[in-house]
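First comes the structure, then the notes that go with it.
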Amino acid sequence: AGTLKRKLSEAGWGLAGDETLKITLCPKKRGYTGTELEQILRGQGIVCEFADPDYLVLMVTPQNTENELLYLENALNGIPGRDPIAGRPPRPGHPRRILSPHEALFLPSERIAAEQSAGRILASPCVSCPPAVPICACGEEIDEQTVALFRYYGIDFCDVVAVEEQTRR
């Protein structure tokens, strides 16, 4: 994977991380989000480990052949460059802790649209690919900045403490 990473970097792909068997691309440099790039590669039979607006992660193994790595290199380099994307994720807020994570996890909860979650208490973590750092911790009050991050990362629904439980607090 080291040689492939070097070749991709030379071809103008932004890379992040230093894990030997993971290729973490920063596709905004080439004008794509990670999720757009994932769809393009999926159409060519390449399955990615993870994608979000900022990154695309590919996992290689010692069992990958030179031909498979060459296929991946050619697939990526065959994607035409576009104007770089300058957008960054919204800045995280400072959600206020209302309950302990234990309390929030075990109280009755309901699933609601993330867009409608401001002011509610998060009951369970919303992460796109565990292990991951949650945007908001269980027991914290969801604020508008958290909702903006949910939107940015494509989190459409979240589990919040049930209304009747929240009003008792």
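Just so you know, these numbers use all the heavy atoms, side chains as well, and skip hydrogens, waters and symmetry mates.
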For Ser100, what residues pass the side chain to side chain donor-acceptor pair (under 3.5 Å) criterion, not counting sequence neighbours?
Glu103

When rounded to the nearest 0.5 angstrom, what distance separates CD in Glu36 from CG in Leu41?
12.0 Å

Measure from the side-chain N and O atoms of Ser9 to the backbone N and O of Arg6, and report whether any donor-acceptor pair falls under 3.5 Å.
no

Across all chains, not counting sequence neighbours, the ring-ring contact (aromatic ring centres under 6.0 Å, His included) partners of His94 are none

Pairwise side-chain hydrogen bond (donor to acceptor under 3.5 Å, both in side chains) hits with a residue in residues 71-80, at least two apart:
Trp13-Asn77

Please go through Leu70's hydrophobic cluster and name the other residues, only I, L, V, M, F, W, Y counting, with side-chain heavy atoms under 4.5 Å joining them.
none

Residues passing the salt bridge (Lys or Arg N to Asp or Glu O under 4.0 Å) test with Glu110, sequence neighbours excluded, are Arg120

Side chain to side chain contact (heavy atoms under 4.5 Å, CB included) involving Pro92 - partner list, sequence neighbours excluded:
Leu149

Who are the side chain to side chain donor-acceptor pair (under 3.5 Å) partners of Glu66, not counting sequence neighbours?
none

Not counting sequence neighbours, which residues clear side chain to side chain contact (heavy atoms under 4.5 Å, CB included) with Asp54? List them please.
Lys28, Asp52, Pro89, Tyr152, Tyr153

Applying side chain to side chain donor-acceptor pair (under 3.5 Å) to Glu140 and not counting sequence neighbours gives none

Partner residues of Phe106 under the ring-ring contact (aromatic ring centres under 6.0 Å, His included) criterion, sequence neighbours left out:
His102

Supply the atom-to-atom distance Leu56 CG to Leu37 CG, rounded to the nearest 0.5 angstrom.
5.0 Å

Test of understanding: with side chain to side chain contact (heavy atoms under 4.5 Å, CB included), list the residues that count as partners of Ile40, not counting sequence neighbours.
Tyr32, Gln44, Ile79

With sequence neighbours excluded, tell me which residues meet side chain to side chain contact (heavy atoms under 4.5 Å, CB included) with Thr35.
Thr33, Ala51

